[in-house]
Amino acid sequence: MTNAESTSENTARADIEADLQRILQAVPEAVPETGLEAVPESGLEAAPESVAHAVLGRVFLGVLFDMDGTLVDSTKAVNRSWQQWADEMGFGALFSGIQHGRPAREMVADLVAPELVESSILRVNQLELADTADISILPGAAELMKALPEGRRAIVTSCDSALCRIRLHSAGFTAPATVVTIEDTVKGKPAPDPFLEAADRLGLDARQCVVIEDAPAGLAAGRAAGCATIGVVGTHSADELDADLVVPSLDRLRIELHDHGVVFSLTPQS
């Protein structure tokens, strides 16, 4: 073989090797198996295991409950009161219903001129205080509240104190010692202030607490406060609730007390 032929063969071999390298680089690397099993699609088990463990089995020092739609079912009374106010104001189709979990003042301010906010708030509050029909305790709510020591539980509501008391009384629900209402903070949900206030009254860091809520605004407030979150289906569907864990009702939750805190688990599905 001449020097020219040898050089040509070496060049061809180098070209072939270069082509092979380009082909190998173009093939994606295999993704290693994670070992995770498929997650069932039904009910609360639809949450990924890593997300569920943000609540289940974790030790919490405090549990902060929303009231309406979480502990007591006041939805019919709330809707009737706001619809009557909207009818009196002549809103018609402009009023599409209330946004559960938001403070009344904010909702009113979205609908009326600034000079009408105060009178509108007074009228809505008057209607809500007068309508206590159909208010009842939601499944599992009383049992969960009773299972918690006084220093580890609180109610955090967007109602004022008078409306909070009358709804709890109408439902026959015993309130804990710590109750934070819309009157106790400058900003209401979805701002974190109400849950931060409740944790502070309990002498706890909010990051050591879990929030139990039925409304997106309340869950957003809990997250902003640094709390873990449990969403309860009712006024909103499961896919509307952005929470660490979503349950169909509070009777799916079980509380175990330890010297160092509270641990949640799930009751078996019937």
Side-chain angles (χ1 to χ4, degrees), residues 43-45 47 55-56 60 62-82 97-102 104 128-129 131-148 150 152-161 163-182 189 194-195 198 209-219 221-222 227-255 262 264-270:
L44 57 91
E45 284 80 15
V55 172
L56 300 179
F60 295 101
V63 184
L64 313 179
F65 295 88
D66 173 51
M67 184 183 72
D68 291 306
T70 301
L71 297 175
V72 301
D73 182 4
S74 57
T75 303
K76 292 179 180 178
V78 171
N79 289 343
R80 282 194 303 264
S81 298
W82 279 82
I98 74 164
Q99 295 174 303
H100 292 277
R102 285 188 69 198
E128 289 194 300
L129 286 170
D131 191 341
T132 59
D134 307 316
I135 297 178
S136 59
I137 300 175
L138 285 163
E143 292 79 6
L144 274 184
M145 185 67 77
K146 289 176 182 176
L148 290 163
E150 196 64 77
R152 298 200 186 280
R153 61 183 190 171
I155 287 178
V156 183
T157 177
S158 294
C159 292
D160 64 24
S161 58
L163 186 56
C164 175
R165 285 195 303 270
I166 198 167
R167 284 191 177 155
L168 291 174
H169 177 74
S170 298
F173 193 98
T174 302
T178 302
V179 178
V180 174
T181 71
I182 191 62
K189 305 170 188 178
F195 290 115
C209 299
V210 60
V211 162
I212 302 182
E213 270 274 1
D214 72 304
L219 292 170
C227 304
T229 53
I230 298 175
V232 186
V233 175
T235 54
H236 294 270
S237 62
D239 58 3
E240 294 177 291
L241 301 177
D242 182 8
D244 295 314
L245 178 68
V246 175
V247 294
S249 65
L250 291 186
D251 57 5
R252 286 302 315 279
L253 293 174
R254 177 185 294 148
I255 287 178
V262 176
F264 283 92
S265 59
L266 298 175
T267 60
Q269 282 185 312
S270 55

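Because the structure is a prediction, the values reported are computed rather than measured.
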(request) State which residues pass salt bridge (Lys or Arg N to Asp or Glu O under 4.0 Å) with D251; sequence neighbours excluded, sorted by chain then number. (result) none
(message) Return the CG to CZ distance between L148 and F60, rounded to the nearest 0.5 Å.
(response) 12.0 Å
(message) When you measure from the side chain of E150 to the backbone of A177, do you find a donor-acceptor pair of N or O atoms at a distance under 3.5 Å?
(response) yes
(message) Applying salt bridge (Lys or Arg N to Asp or Glu O under 4.0 Å) as the test, list every pair that has at least one member in residues 229-238; sequence neighbours left out.
(response) none
(message) Before you tell me yes or no, could you show the steps for L129 and L163 under side chain to side chain contact (heavy atoms under 4.5 Å, CB included), namely the whole-Å CA-CA distance, both residues' side-chain angles and the distance that decides it to 0.1 Å?
(response) CA-CA 6 Å; L129 286 170; L163 186 56; 4.0 Å; yes
(request) Indicate the atoms forming the closest heavy-atom contact of G231 with L241, along with that distance. (result) C-CD1, 4.0 Å
(message) Donor-acceptor check, side chain of K146 to backbone of T174, threshold 3.5 angstrom: yes or no?
(response) no
(message) Run F264 and V63 through side chain to side chain contact (heavy atoms under 4.5 Å, CB included) and show every step you take.
(response) CA-CA 10 Å; F264 283 92; V63 184; 4.0 Å; yes
(request) State, yes or no, whether a side-chain contact exists between F173 and M145 at a heavy-atom distance under 4.5 Å. (result) yes
(message) Which residues pass the salt bridge (Lys or Arg N to Asp or Glu O under 4.0 Å) test with R152, not counting sequence neighbours?
(response) none
(message) Applying side-chain contact (heavy atoms from CB on, under 4.5 Å), can you list everything that pairs with V179, at least two apart in sequence or on another chain?
(response) I155, C164, A175, P176, T181
(request) State, yes or no, whether a side-chain contact exists between S249 and V233 at a heavy-atom distance under 4.5 Å. (result) no
(message) Determine whether K189 and V156 satisfy the following criterion, side chain to side chain contact (heavy atoms under 4.5 Å, CB included), listing intermediate values before the conclusion.
(response) CA-CA 10 Å; K189 305 170 188 178; V156 183; 4.0 Å; yes
(request) Drop me the distance from L250's CG to T267's OG1, to the nearest 0.5 angstrom. (result) 10.5 Å
(message) With salt bridge (Lys or Arg N to Asp or Glu O under 4.0 Å) as the rule and sequence neighbours excluded, what pairs involving residues 67-78 come up?
(response) D68-R167
(request) Return the minimal non-hydrogen interatomic distance between L64 and A198, and the atom names on each side. (result) CD2-CB, 4.1 Å
(message) Rounded to the nearest 0.5 Å, what separates atom CG in L71 from atom CD1 in I137?
(response) 9.0 Å
(request) Quick one: closest heavy-atom pair of G218 and F195, and the distance? (result) O-CE1, 3.5 Å
(message) Is any side-chain heavy atom of L219 closer than 4.5 Å to one of D242?
(response) no
(message) For the CZ atom of F65 and the CD1 atom of I230, what is their distance to the nearest 0.5 Å?
(response) 8.5 Å
(message) Would you compute the distance between atom CZ of R165 and atom OG of S170 and round it to the nearest 0.5 angstrom?
(response) 12.0 Å
(request) Enter the distance from N79:CG to S74:OG here, rounded to the nearest 0.5 Å. (result) 9.0 Å
(request) Report yes if some heavy atom in the side chain of L253 is under 4.5 Å from a heavy atom in the side chain of L266; otherwise report no. (result) yes
(request) Please report the closest heavy-atom contact between D131 and S81, naming both atoms and the distance. (result) CB-OG, 3.8 Å
(message) Is there a side-chain contact between T229 and E213 in this structure, where contact means two heavy atoms from C-beta onward sitting under 4.5 Å apart?
(response) no
(request) Work out which heavy atom in A171 is nearest to a heavy atom in V72; give both atom names and the distance. (result) CB-CG1, 3.7 Å
(request) May I ask you to decide if D214's main-chain N or O and T70's side chain share a donor-acceptor pair within less than 3.5 Å? (result) yes
(message) For a quick test of reading the model, state the closest non-hydrogen atom pair linking I135 to A77 and the distance between them.
(response) CG1-CB, 4.2 Å
(request) Sort and list the pairs that fulfil side-chain hydrogen bond (donor to acceptor under 3.5 Å, both in side chains) and have at least one residue in residues 132-142, not counting sequence neighbours. (result) R80-D134
